[in-house]
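For reference, the structure is listed below as structure tokens.
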Amino acid sequence: MLRLYNTASREKEEFSPLELGRVRIYSCGPTVHDYAHIGNFRAFLLADLIKRYLRFSGFEVVHVMNITDIDDKILRRIGAGGKSLGEFTEHYSQIFFQDLHLLNILPADVYPRATAHIPEMVALIGRLLEQGLAYQREGSVYYSISRFPAYGRFARLDPSGMKEGISVDRDEYGKDDVRDFALWKAWVESDGEVGWAAPFGKGRPGWHLECSCMSMKYLGESFDIHTGGVDLIFPHHQNEIAQSEGATGKPFVRYWVHNEFVNINAEKMSKSQGNFYRLKDIGKTAEDIRAYRYLVVTSHHRTVLNFTLEALESSKAALRRLTQLRQRLQQAHGEGEAGLWKALAAAALAEFCAHMDDDLNTPRAIAAVFGLVNQTERALNQGHLGREGAGAVLECLERVDQVLGIFYEVVEEVARPAELPPELALLLRQRQEARQARDWKRSDELRDQLAGAGVVVKDTKEGYEWSWA
Ligand code: AMP
Ligand code: ZN
């Protein structure tokens, strides 16, 4: 039985989904104002690990990850560059999808974009206004935190520090600045061409609103798991709870799972500090990228990961050892003590699962695998392992890989077929149909799904062209 540390209770809790056998997960996705850095991918790798482990454990999983394609930072950046909002965010979105693919992160079922959900966000603000949880001021709308008694409980805020009735316009702010936050921001001159008509006046949505709105649209008003980095606990997730539970009166999320930071020289890796690596900075070869995945998924998500090139090298060495063992096992032949090896492999897998069940304790889980690896290498060196025994160990490694996703081949190494595999060709056809029906939202969703699988689609006068990313 899986137990997960839930930020809401600050305790490990037994996991059971709202619907029998089916888990609904929402992850805060990237803000596409720049390239994502390797720290960001820790958040997406955590969501991937949860999803893989739940599927491995027999659950069906529905996963939604938003793309923040409008916020303060994006507006500041396009102000400087002269590109349209769409052109600017599309560029970074496509690179983001390619990076997901390089890291073997399974694509989400939906990647909703904020700008494609303005009517839904306006409707949610309408609900909050009707219930007296929000107020209008000079064309903007703010959430009235004093009207939601539980405000601050999730983020463990000190209520005496809350400044009610005083509003903050910025999307990001600290714990010493707890105020009424913006749901809708009135258009200002510097927004240029960006702005949408709404009953409260032309403007744009606040960042916190999109996640409440799009998670509930695709997953229902109450769902199972919400993921993100620890920096999102306040204000972002606290505000999501206030918005969603304020509007529906129902519990919003059952389990909040947060990842700790990736640090570099003991400081949080962040775009604003300028101390970040992109995937391509550390990934000169496919093996480096796979090693980064290995490093992250075998570190516990609730401990800070101090990134160093030495740590990446040790991950590479561990992966090489596993890969070599796999090759030797595939070639193993002859007779051996098959029963013994079946039992050893089953015990290692059971131990792996027991550690995964304990709040996804991957460092211990991989140590259990290495216990088996040591024994197997010894037996192979001594010629004691027959074909059947090798098969049992190999199967254990394949099962482990369903969860950790470490034995994949990165794009450059993959023979890319000239013909698309049938499931991707189907998505491409569905996207053409959506375009013919002028259903742009659906067609964008399908393009993102294809991008998640490494396929880039370009629309042309004659129709479309596709290529591998
Ligand atoms: P952003 O694109 O800035 O909205 O961030 C996307 C995700 O990355 C969020 O879940 C953040 O919490 C997470 N994140 C940002 N910086 C780091 C870091 N240094 N280490 C781990 N996760 C991070
Ligand atoms: Zn979010």
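Numbering starts at 1 and runs along the sequence shown. As the structure is a prediction and not an experimental result, all values here were calculated from the model. We count ligands from 1, going down the list as the structure has it; atoms in each ligand are counted the same way.
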Note to self: Between Gln402 and Glu398, is there a side-chain donor-acceptor contact under 3.5 Å, judged purely by atom types and distance?
What the structure shows: no
Next item on the list: Using salt bridge (charged side-chain N to carboxylate O under 4.0 Å, His left out) as the criterion, point out the one residue from Asp444, Asp71, Asp448 that pairs with Arg113.
Entry: Asp448
Next item on the list: Say whether, by atom type as modelled, one donor and one acceptor occur between the side chain of Ser222 and the main chain of Pro251 under 3.5 angstrom.
Entry: yes
Margin query: For a quick check: using heavy atoms under 4.0 Å, what are the residues in contact with ligand 1, sorted by chain and number?
Written below: Gly29, Pro30, Thr31, His37, Gly39, Asn40, Ala43, Phe44, Gly228, Gly229, Asp231, Leu232, Asn259, Glu260, Phe261, Val262, Lys268, Met269, Lys271
Check: CG/Asn40 to CG/Leu45 distance, rounded to the nearest 0.5 angstrom?
Finding: 11.0 Å
Margin query: We want to know whether Ser167 and Asp169 form a side-chain donor-acceptor pair, criterion being a heavy-atom distance below 3.5 angstrom.
Written below: no
Margin query: Would Arg302 pass as a cation-pi partner of Tyr5, given that its NZ or CZ must be under 6.0 Å from the six-membered ring centre and within 45 degrees of the axis?
Written below: yes
Check: Going by an N to O cut-off under 4.0 Å, is there a salt bridge joining Arg170 and Asp72?
Finding: no
Check: If you measure only the distance, is there a donor-acceptor pair under 3.5 Å linking the side chains of His91 and Glu87?
Finding: no
Notebook entry, point to check: What is the number of protein N/O/S atoms located under 2.8 Å from the Zn ion (ligand 2)?
Noted result: 3
Margin query: We want to know whether Glu221 and Thr248 form a side-chain donor-acceptor pair, criterion being a heavy-atom distance below 3.5 angstrom.
Written below: no
